[in-house]
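Index from 1, following the sequence. Note: hydrogens, waters and symmetry copies are ignored here, and every other heavy atom, side chains too, is used.
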Amino acid sequence: MVNLIKSEFYKLLNSKVYKILIAYMILMVICIIYSSFGYTQGEGFKWIYLALEGRVYGFHHNVYADVNNIRGVEVFLSTLGAAPIIIGEISYLISFLIGDEYKNGTYKNILTYGHKRKDLYVAKSVALSIGIAIIVFASSLIALFLGTIIYGWGIPFEINQIIDIIKWLSINTVIFISIISIISVVATIFKSGELSLLFTIIFILSPYVLLQLNVVTLDILRYHPIFMLMDTCIKMPNNSLILQILTTCSIITVLFTVLGSYIFKKQDIR
């Protein structure tokens with residue numbers, strides 16, 4: 001299993017798609033920082049945005065308390081608001097990598113060496129999770145670093161602030177990993193990048209649409225991974241919410257990994 005994970009991670013790091021996404025991530029951070037220059041007072045750019053029960057949920061960029069005194073940590077928050085873009089990157093990466101495995105016959109070649117399908121599926125999921133964690137952490141920390149150089153920290157520095165930022169990113173990464181498990185199952189079923197991307201678009205918009213149509217209640221939607229990001233990207237979660245997120249995302253990840261392994265095991269791979 002360990003060798004399979006190393007192999008899958010090596011393939012991921014050396015894939016053209018992953019390198020393109022890293023470059024796109026860096027460009028995204030640069031664009032977010034550039035858009036803060038000369039910014040005038042306003043509400044910033046908000047999308048998939050909801051105000052419910054005295055609380056706001058969604059994603060935003062360039063929402064500054066004082067445009068004349070922008071803080072590096074606010075640039076960091078703008079990058080968190082780019083979560084749907086990162087999810088799109090995740091979907092592109094997963095769907096086309098998995099699709100290529102079927103198309104190029106890579107799966108068949110690996111399985112001929114006696115590896116179990118379950119182990120191969122889990123190894124790829126672990127490798128993808130590590131790869132996406134790198135993107136999530138790197139994009140936000142680069143933005144924080146550059147934003148701090150340009151604008152300064154803005155408030156008295158305390159080590160707890162760094163701990164909170166790492167905790168914030170770790171929580172969001174756990175949510176992203178649960179999303180990876182879902183998209184991986186879809187990509188395994190469809191064996192098609194295009195259909196997986198279509199699913200991802202619907203998946204991203206689903207919390208907003210479901211609430212607008214009054215199909216589900218807010219209490220139920222809190223267990224939706226995208227809605228969790230809509231919550232945590234706006235405000236640092238409290239301890240009770242952190243526990244709920246960690247528990248829910250762990251269950252989602254395990255369930256969909258088991259489901260994906262079962263589907264992969266039953267597939268006809270040529």
* Structure fact -> The side-chain contact (heavy atoms from CB on, under 4.5 Å) partners of Asn238 (sequence neighbours excluded) come to Ser240, Leu241

* To do: Apply side chain to side chain contact (heavy atoms under 4.5 Å, CB included) to Leu141 and Leu169, showing your working.
  => CA-CA 9 Å; Leu141 292 180; Leu169 286 176; 3.8 Å; yes

* Structure fact -> Looking only at heavy atoms, the pair that brings Gly81 and Phe59 closest together is O-CB, 3.2 Å

* To do: Please examine the side chains of Phe264 and Leu120, heavy atoms only from C-beta on, and report whether any two atoms are closer than 4.5 Å.
  => yes

* **Verify same cluster id: Tyr223, Leu213 (apolar side-chain graph, 4.5 Å)** => no

* Structure fact -> For Val258, the other hydrophobic cluster members (4.5 Å side-chain criterion, sorted by chain and number) are Val254

* Could you tell me which non-hydrogen atom of Gly147 sits nearest to which non-hydrogen atom of Ile33, and how far apart they are? => N-CD1, 4.4 Å

* Structure fact -> Closest non-hydrogen contact found for Thr232 with Pro237 is CG2-CG, 4.0 Å

* Structure fact -> Sequence neighbours excluded, the answer for salt bridge (charged side-chain N to carboxylate O under 4.0 Å, His left out) partners of Lys118 is none

* Asked: Going through the checks in order, is the side chain to side chain contact (heavy atoms under 4.5 Å, CB included) test met by Val75 and Thr148?
  -> CA-CA 8 Å; Val75 179; Thr148 301; over 6 Å; no

* **Rounded distance [0.5 Å steps], CD1 in Ile87 versus CD1 in Ile204** => 5.0 Å

* To do: Test Glu8 against Leu128 for side chain to side chain contact (heavy atoms under 4.5 Å, CB included), laying out the working first.
  => CA-CA 8 Å; Glu8 291 298 324; Leu128 284 169; over 6 Å; no

* Following the transitive rule for hydrophobic clusters with a side-chain heavy-atom cut-off under 4.5 Å over Ile, Leu, Val, Met, Phe, Trp and Tyr, establish whether Val29 and Phe145 coincide in one cluster. => yes

* Looking only at side chains, do Ser91 and Thr200 share a donor and an acceptor under 3.5 Å apart? -> yes

* Asked: In terms of hydrophobic clusters joined by side-chain contacts under 4.5 Å, are Leu27 and Ile32 together?
  -> no

Report, one line per pair, each donor and acceptor closer than 3.5 Å where one atom sits in a side chain of residues 175-187; sequence neighbours left out.
from	atom 1	to	atom 2	distance (Å)
Ser178	OG	Ile175	O	2.6
Ser181	OG	Ser178	O	2.5
Ser184	OG	Ile180	O	2.8

Only pairs under 3.5 Å count here: list side-chain donor-acceptor contacts from residues 131-140, not counting sequence neighbours, and write none if there are none.
from	atom 1	to	atom 2	distance (Å)
Ser139	OG	Ile135	O	2.9
Ser139	OG	Val136	O	3.1
Ser140	OG	Val136	O	3.4

* To do: Using the test ring pair (Phe, Tyr, Trp, His ring centres under 6.0 Å), find all partners of Phe203 that sit at least two apart in sequence or belong to another chain.
  => Phe199, His224

* Asked: Quick one: are Trp168 and Leu80 in side-chain contact, heavy atoms under 4.5 Å?
  -> yes

* Asked: Given side chains that start at C-beta, do those of Phe227 and Met230 come closer than 4.5 Å, heavy atoms only?
  -> yes

* Roughly how far apart are Met228 CE and Asp231 CG, rounded to 0.5 Å? -> 9.5 Å

* Cys233 versus Gly58, closest heavy-atom pair with distance -> CB-O, 4.1 Å

* Can Tyr24 and Ile85 be said to form a side chain to side chain contact (heavy atoms under 4.5 Å, CB included), step by step? -> CA-CA 10 Å; Tyr24 184 79; Ile85 298 175; 3.7 Å; yes

* Asked: Atom NZ in Lys124, atom CD1 in Ile94: separation rounded to 0.5 Å?
  -> 10.0 Å

* To do: Identify, with sequence neighbours excluded, every residue that meets side-chain hydrogen bond (donor to acceptor under 3.5 Å, both in side chains) alongside Thr173.
  => none

* Quick one: OG on Ser78 to CG on Leu144, what's the gap to the nearest 0.5 Å? -> 12.0 Å

* Structure fact -> Heavy-atom closest pair (Tyr18 atom, Leu12 atom, distance to 0.1 Å) is CB-O, 3.1 Å

* Asked: When rounded to the nearest 0.5 angstrom, what is the spacing between OG1 in Thr188 and CD1 in Ile98?
  -> 4.5 Å

* Apart from Ile251 itself, what residues make up its hydrophobic cluster when side-chain heavy atoms of I, L, V, M, F, W and Y under 4.5 Å apart count as a link, directly or indirectly? -> Leu255

* Asked: Under a single-linkage definition using a 4.5 Å side-chain heavy-atom cutoff for Ile, Leu, Val, Met, Phe, Trp and Tyr, are Leu97 and Ile263 assigned to the same hydrophobic cluster?
  -> yes

* Among residues two or more places apart or on two chains, list those pairs meeting salt bridge (charged side-chain N to carboxylate O under 4.0 Å, His left out) that have a residue in residues 217-230. => Asp219-Arg222

* **Joint cluster assignment, Leu246 & Leu229, ILVMFWY side-chain distance < 4.5 Å** => yes

* Rounded to the nearest 0.5 Å, what's the gap from CE on Met28 to CD1 on Ile142? Could you check? => 9.0 Å

* Asked: For Tyr121, which residues count as a ring pair (Phe, Tyr, Trp, His ring centres under 6.0 Å) partner, sequence neighbours excluded?
  -> none

* Can you list every pair that meets side-chain hydrogen bond (donor to acceptor under 3.5 Å, both in side chains) and has a residue in residues 244-261, with sequence neighbours left out? -> none

* Asked: Is the closest side-chain heavy-atom distance between Leu93 and Glu89 below 4.5 Å?
  -> no

* Structure fact -> Nearest heavy-atom approach of Leu13 to Lys19 is O-CE, 3.6 Å

* Tell me, please, which residues at least two apart from Thr217 pass side-chain hydrogen bond (donor to acceptor under 3.5 Å, both in side chains). => none

